[in-house]
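Here the structure is laid out as structure tokens; the discussion comes afterwards.
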Amino acid sequence: MLELIMNDILGTPSILVGLFALIGLLLQRKSSADVVSGTLKTVMGFIIIGAGATVLVGALDIFSQMFDHAFNVQGVIPNNEAIVAAAQSDFGTSTALIMVFGMVVNVLLARFTPFKYIFLTGHHTLFMACLIAVTLSVGGLNGVPLILVGSIILGVCMVLFPAILQPYVRKITGSDDFAIGHFGTIGYFVSATVGKWFGNKEKTTEQIKVPKSLGFLRDTSVAVSLTMTLFFVIVALFAGQDYIETKLSGGSNFIVFSFIQAITFAAGVYIILAGVRMLIAEIVPAFKGIADKVAPDTKPALDCPTIFPFAPNAVIIGFLFSFLAGLLSMFLLPAIGLKVIVPGLVPHFFTGAAAGVFGNATGGRRGAMLGSFANGIIISFLPAVLLVFLGDVGFEGTTFGDSDFGVVGLLILSIMRLLGLS
């Protein structure tokens with residue numbers, strides 16, 4: 001029963017979010033029809049987002065293989081899913097316990113402190129729980145103290161990080177209905193700050209004038225398709241026809257294959273945006289029941305793609321400039337004695353796109369460019385520094401990716417060293 005609850009319910013983000021919607025609707029004493037509809041649509045919206053991410057990640061995986069072959073890059077590739085999977089044999093139990101009790105701490109903090117946020121991004125809760133379990137273990141804790149301290153740290157992260165971003169989320173969405181619950185917060189905050197300092201919020205990415213002859217570019221799906229087609233084809237030319245047709249495409253022409261992968265990426269983005277709209281439409285009203293009964297005046301903290309529809313142009317600009325920063329960092333890191341961090345397309349797309357939206361909100365086009373570039377630097381250098389602190393814990397070729405993992409991990413290990421525990 002415990003394994004069912006831990007792995008199949010709490011470990012499945014769509015079911016976890018659906019349970020929150022179900023509880024919220026029941027607390028509001030909605031009709032059975034509304035309860036069933038709202039719960040299923042919430043789960044469906046989350047699954048649609050996941051399906052879109054799977055499509056998108058599949059295309060990015062192909063791109064990464066082409067990129068690595070074309071430029072012969074070897075190094076550490078940040079990937080949250082990969083390192084959590086690698087850590088499960090040694091840290092699986094502590095990760096699961098920290099996740100469960102961290103969620104309890106989250107609800108208590110939302111109920112009794114000014115930080116009124118319920119963190120609903122289940123997979124990121126799992127990733128942060130794993131990061132905390134690993135760093136506390138490296139720092140010298142184990143057993144009950146590790147679970148207790150880890151749960152408190154996780155619960156604090158789940159309310160503090162959404163609170164940091166909320167002023168900017170209000171600016172982006174024009175409302176206070178939901179928060180962002182995604183552990184790329186530091187990157188987004190820096191992006192918004194850079195936009196405020198160096199940008200011009202009067203000239204936003206969404207005001208970019210497109211000639212009538214290029215009016216089709218106003219369609220986000222078309223703009224993404226063309227941008228990624230250019231990206232894929234250029235890298236394909238460097239990777240070479242022989243490699244792509246023998247190793248990746250199964251004999252299909254390498255240019256045609258690259259074009260299809262680019263459109264597949266755009267399809268993934270389209271699916272994600274559709275899922276986001278459905279999720280927000282259902283989870284925000286349903287969450288009101290929990291907010292009113294269990295933790296009054298709280299807000300749901302949702303995954304970063306929930307802000308993508310508010311500035312579609314900034315999404316693409318953010319991705320491109322974050323990735324550009326990742327490429328530059330790849331050459332700078334070994335020059336200062338750190339391991340090469342190969343820019344992963346997945347973290348640079350999701351966090352770079354979100355950073356672009358935050359930078360655009362405070363600094364317009366310039367803010368989106370400079371802010372997402374700063375995010376790209378952050379998610380390249382922080383993982384490299386974290387690797388130095390972690391030492392040899394058995395993970396080769398990958399590490400934690402998004403900015404908050406690096407910040408929290410380095411803070412934990414630094415504090416434990418100061419206390420003489422490690």
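Starting from 1, each residue takes its place in the sequence as its number. Since the structure is predicted, the reported quantities are computational estimates derived from the model, not experimental observations. The figures that follow rest on heavy atoms only: side chains count, while hydrogens, waters and symmetry mates do not.
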Per-pair distances, 0.1 Å, donor-acceptor, side chain in residues 127-142, under 3.5 Å, sequence neighbours excluded:
{"unit_1": "T135", "atom_1": "OG1", "unit_2": "L131", "atom_2": "O", "d": "2.8"}
{"unit_1": "T135", "atom_1": "OG1", "unit_2": "I132", "atom_2": "O", "d": "3.2"}

Which donor-acceptor pairs under 3.5 Å do the side chains of residues 375-387 make with protein atoms, sequence neighbours left out?
{"unit_1": "N375", "atom_1": "ND2", "unit_2": "S322", "atom_2": "OG", "d": "3.3"}
{"unit_1": "N375", "atom_1": "ND2", "unit_2": "T351", "atom_2": "OG1", "d": "3.1"}
{"unit_1": "S380", "atom_1": "OG", "unit_2": "G376", "atom_2": "O", "d": "2.8"}

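Between the side chains of D34 and Q28, no donor-acceptor pair is found at a separation under 3.5 Å.
Not a single side-chain hydrogen bond (donor to acceptor under 3.5 Å, both in side chains) links N200 to another residue, sequence neighbours left out. In terms of the side chain to side chain contact (heavy atoms under 4.5 Å, CB included) criterion, residue partners of L320 (sequence neighbours excluded) are, by chain and number, T227, F231, I316. Residues satisfying the ring-ring contact (aromatic ring centres under 6.0 Å, His included) test with F321, not counting sequence neighbours, are none. Residues that satisfy the ring-ring contact (aromatic ring centres under 6.0 Å, His included) test with F349, not counting sequence neighbours, are F265, F319. By the side-chain hydrogen bond (donor to acceptor under 3.5 Å, both in side chains) test, K203 is found to be paired with no residue, residues two or more places apart in sequence or in another chain being considered. Every residue meeting the side chain to side chain contact (heavy atoms under 4.5 Å, CB included) condition with I147, not counting sequence neighbours, appears here in chain and number order: S94, L97, I98, F101, S151. In this structure, D303 has no side-chain hydrogen bond (donor to acceptor under 3.5 Å, both in side chains) partners at least two apart in sequence or on a different chain. F238 meets the ring-ring contact (aromatic ring centres under 6.0 Å, His included) test with F71; sequence neighbours excluded. Not counting sequence neighbours, the partners of T185 by the side-chain hydrogen bond (donor to acceptor under 3.5 Å, both in side chains) test are D404.
Summarising the local packing, NZ of K116 is surrounded by more than 12 heavy atoms from other residues, nucleotides or ligands at distances under 6.0 Å.
The aromatic ring centroids of F119 and H182 lie 6.0 Å or more from each other.
At least one donor-acceptor pair under 3.5 Å links the side chain of T362 to the backbone N or O of A192.
Sorted by first then second residue, the ring pair (Phe, Tyr, Trp, His ring centres under 6.0 Å) pairs that include residues 130-167, not counting sequence neighbours, are F161-F183.
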